Amino acid sequence: MQRTYTVEGMHCAACAAHVEKAVRALSGVHSAAVNPVLETLTIDCDPPLPDDVILRTVAEAGYRAMAVSPVAGAPRPAVTSDGLRLLWAAAFTLPLLYVAMGGMWGWPLPACIHPGAHPLVYAGLQFALCVPVLAAGRGFYSRGAKALWRLAPTMDSLVALGTAAAFVSGIVSLVAMMRGQAHAVHGLYFESAATIITLVMVGKHLEARTKRRMSDAVRKLARLTPKIARRLIDGTETDIPAEHIRVNDILAVRPGEQIPADGLLIEGATTVDESSVTGESIPVVKRPGDALVGATVNQTGYIRMQAVRVGSDTMLAQIIRMVEAAQGAKAPVARLADRIASWFVPAVLCVAVGAGVAWWAGGAGWVFAVDIAVAVLIIACPCALGLATPAAITAGIGRGARLGILVKGGDVLERLAHVGILFFDKTGTLTQGAPVLTDIFRFRGWPSEDDTLRLAAAAEQRSEHPIAKAIVESARVKGLSLPDVEAFTAIPGQGVAATIDGHTVHVGNQTYIQHATGDSLLPAAAADAVAAADADAAFERFTAAGKTVCLLAIDRQPAALIAIADTLRPESAATVSRLQEHRIDVRMLTGDNARTAAAIAREAGIRAVAAGLQPHEKAAIIDEARAAAVVAMVGDGINDAPALAAADIGIAPASGTDIAMDAADVVLVNGRLSDILTAISLSRAVLRNIRQNLFWAFFYNVTGIPVAAGLLHLFGGPTLNPMLAALAMSLSSLTVVMNAMRLKAFKSFP
């Protein structure tokens with residue numbers, strides 16, 4: 001039996017792994033999987049375990065869990081009180097920084113709190129400002145302590161240890177000042193503790209907001225499900241909630257309505273917009289016996305259908321499950337700081353305890369030994385280390401936003417730098433996303449091209465079909481005036497007939513025109529064999545290029561071929577070429593037919609193409625490719641959401657659907673494909689910057705910790721002066737921040 005629970009309090013991959021491990025240890029549990037995006041735990045157990053057993057196990061692991069109603073689904077991850085705690089911490093940290101750093105940097109301070117005139121008041125005010133910040137960040141201490149207890153320290157453990165050591169040292173100095181030791185004013189580290197807590201809270205808050213946006217993709221997909229269906233009982237239509245549809249129900253669907261379930265067309269003919277499933281921009285003709293997909297749009301005809309798959313078995317429900325599964329299965333690159341903390345924290349603890357014990361055993365006295373141990377913890381306080389990664393990521397994400405590239409998190413930047421395979425969707429990504437008129441071939445003896453287009457557009461102007469709109473738009477762009485239409489008839493999925501200026505005009509597919517003209521062959525009315533061959537050649541040329549061909553007949557005589565296609569975007573070929581120059585394997589995935597896909601791929605310079613794909617097939621191809629390289633997917637449609645979520649990096653233009661943008665990791669605000677190159681180059685620059693920052697942070701620790709441990713004092717030198725420690729800490733942080741700020745000068749890819 002499978003059950004789902006929400007889990008609160010997880011902050012990294014280590015947290016998710018710990019929850020899974022704890023639950024898997026229960027008797028009868030076959031599998032346990034945590035979705036870090038939706039913050040859910042899904043278990044499969046036999047026999048079923050009571051909810052209170054699962055909840056208690058998760059609680060013992062240090063987290064809060066709640067059973068999810070199978071009807072309501074997983075709730076949206078909330079940011080709620082986190083934002084308020086962050087504002088509270090910032091409100092006290094900013095004045096604390098001003099008070100603590102004012103004397104050092106020459107900032108004006110009131111005489112009543114100046115460290116020279118009233119050191120005790122100066123220290124007491126810092127203590128009073130620091131306590132509320134630590135209270136706001138109390139979660140770091142509870143999580144960090146639990147992680148240490150499990151012998152799996154994370155960044156929370158490092159933050160907790162460093163800030164606690166700084167705070168305790170400050171209290172010791174404050175007590176010493178109260179005993180008359182005014183020089184102890186130089187041993188205050190309250191501002192360091194508060195600043196670290198606030199900065200890390202900023203990162204956690206941004207991470208929570210990212211999870212919230214990503215989970216919106218699933219909820220927007222769910223909102224596509226039709227709410228009402230018309231069930232036929234004894235020939236009478238009855239409106240029912242869509243969730244009440246049962247297999248084999250007969251349903252009626254009117255033009256403009258969504259198809260309420262997956263099924264078969266049993267009566268009527270129509271065209272259906274299936275772009276939400278296949279991505280194909282041109283509607284599909286449906287006749288009795290054809291399959292219908294739920295949540296697609298019936299465009300032109302009244303139809304009756306038989307429900308085959310309903311509820312959780314529909315294709316839309318499968319897409320939703322695939323997006324959820326892909327978001328949960330996408331193993332994010334572990335935070336670099338957490339990986340460092342896994343060995344850095346134990347090492348610092350060992351050095352601190354070892355140095356203290358060694359000095360005490362050497363006869364230096366327990367007070368001196370404790371001072372040495374605390375000094376090591378303070379010097380190892382993760383100020384520079386904690387800033388190394390977020391400073392570069394913040395600067396990089398900010399620079400990307402100014403360049404029109406929205407990146408949803410630092411782990412995305414890290415993965416983006418290593419892309420080896422990049423998949424493009426076709427419709428709306430490589431192409432314009434809407435059909436346009438590309439060619440007109442006129443049979444000999446018929447009007448000029450403008451007159452041909454004028455008659456075709458006049459006949460089509462009352463039609464809502466996308467091909468008709470493309471013909472009419474082409475006439476509008478050319479500034480052609482359209483004559484009045486005296487009579488108009490439309491046959492769904494085939495074509496239109498109109499009387500214009502005394503002429504009978506037909507526009508439609510080959511079968512429709514041949515039926516209207518009485519001809520058995522396309523060029524039968526051509527004047528001679530040469531003209532017939534030319535028409536045949538033009539028809540083959542257009543179809544080979546993946547274009548849809550409409551025929552124009554005037555007075556029941558074939559007059560012209562009109563080619564319609566979703567054309568390649570101007571920048572597509574250049575972008576593909578540049579990506580290939582960067583040794584990125586570019587491929588295409590599309591739900592369109594193989595001939596059209598091959599034509600667009602040739603024009604774009606893409607050699608590997610997979611066509612005619614359903615959403616789950618796209619996701620499966622991407623999953624397979626991920627075994628060989630880091631995979632990125634570029635798409636803009638609802639049908640691309642599973643593939644975008646399944647890829648290591650999903651990329652969507654802002655012109656795409658909201659669902660695609662929510663499922664994606666990178667959004668191209670300006671819609672330019674060339675910005676993909678900019679995003680990849682920016683990510684590589686950010687990674688270089690992080691490595692440089694970590695070098696300087698470690699340089700500070702490697703040189704500072706031995707001094708704090710009393711290495712120089714062992715050879716007759718001094719112990720670490722608190723003022724020098726504060727200055728070194730400030731310089732290391734300043735170095736990291738200034739290096740990260742260099743990313744503001746990053747230029748977009750030429």
Side-chain angles (χ1 to χ4, degrees), residues 88-138 140-141 159-199 201 352 356 359 364-383 704 707-708 710 713 718-734:
W88 176 269
F92 286 93
T93 299
L94 292 176
L96 173 57
L97 278 174
Y98 187 90
V99 171
M101 306 300 291
M104 182 180 298
W105 297 103
W107 298 339
L109 285 174
C112 61
I113 61 171
H114 196 281
H118 300 280
L120 195 57
V121 175
Y122 170 78
L125 178 59
Q126 289 192 43
F127 171 80
L129 291 171
C130 183
V131 169
V133 179
L134 268 60
R138 58 188 177 276
F140 294 111
Y141 299 99
V159 169
L161 281 173
T163 55
F167 184 70
V168 169
S169 177
I171 292 177
V172 171
S173 296
L174 180 59
V175 171
M177 293 170 64
M178 294 172 66
R179 293 179 175 178
Q181 302 175 27
H183 67 278
V185 72
H186 300 302
L188 300 174
Y189 289 92
F190 294 124
E191 82 286 354
S192 297
T195 302
I196 292 167
I197 289 291
T198 303
L199 287 175
M201 286 180 72
W359 281 108
W366 71 269
V367 174
F368 183 83
V370 169
D371 286 344
I372 287 291
V374 171
V376 171
L377 291 176
I378 291 174
I379 204 70
C381 189
C383 194
V707 176
H713 189 70
T719 56
L720 184 66
N721 186 289
M723 284 297 293
L724 292 178
L727 180 60
M729 186 182 297
S730 299
L731 288 176
S732 66
S733 301
L734 183 62

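Along the sequence shown, residues carry numbers from 1. Note that this is a predicted model, so its numbers are computed, not measured.
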Subject >> Test item: Ile197 and Phe140 side chains (from C-beta on) under 4.5 Å apart, heavy atoms >> reply: yes
**OP:** Taking all non-hydrogen atoms of both residues into account, name the closest pair between His118 and Cys112 and its distance.
**Re:** CB-O, 3.5 Å
**OP:** Grab the two heavy atoms, one from Tyr122 and one from Ala100, that are nearest each other, plus how far apart they are.
**Re:** OH-O, 3.2 Å
Original post:
For the atom pair CZ (Phe92) and CG (Leu134), what is the distance rounded to the nearest 0.5 Å?
Top reply: 12.5 Å
Subject >> Shortest non-hydrogen separation from Pro132 to Trp88 and the atoms involved >> reply: O-NE1, 3.2 Å
Original post:
Can Phe167 and Val131 be said to form a side chain to side chain contact (heavy atoms under 4.5 Å, CB included), step by step?
Top reply: CA-CA 9 Å; Phe167 184 70; Val131 169; 4.0 Å; yes
Original post:
How far apart are the C-alpha atoms of Leu129 and Thr93, what are their side-chain angles, what is the distance that settles it, and do they pass the side chain to side chain contact (heavy atoms under 4.5 Å, CB included) test?
Top reply: CA-CA 7 Å; Leu129 291 171; Thr93 299; over 6 Å; no
Original post:
Which heavy atom in Val133 sits nearest to a heavy atom in Ala89, and how many Å separate them?
Top reply: CG2-O, 3.6 Å
Original post:
At their closest point, which heavy atom of Leu174 faces which heavy atom of Gly124, and how far apart are they?
Top reply: CD1-N, 4.1 Å
Subject >> Distance in Å, Gln126 CD paired with Leu97 CG, rounded so as to fall on 0.5 Å steps >> reply: 9.5 Å
Original post:
After noting the C-alpha distance and the side-chain angles of Leu96 and Cys130, does the key distance pass the side chain to side chain contact (heavy atoms under 4.5 Å, CB included) rule?
Top reply: CA-CA 7 Å; Leu96 173 57; Cys130 183; 4.1 Å; yes
**OP:** Considering non-hydrogen atoms only, spot the tightest contact between Met177 and Pro119 and give its length.
**Re:** CE-O, 3.0 Å
Original post:
Does Arg138 use its side chain to pair, donor to acceptor, with the backbone of Ala135 at less than 3.5 Å?
Top reply: yes
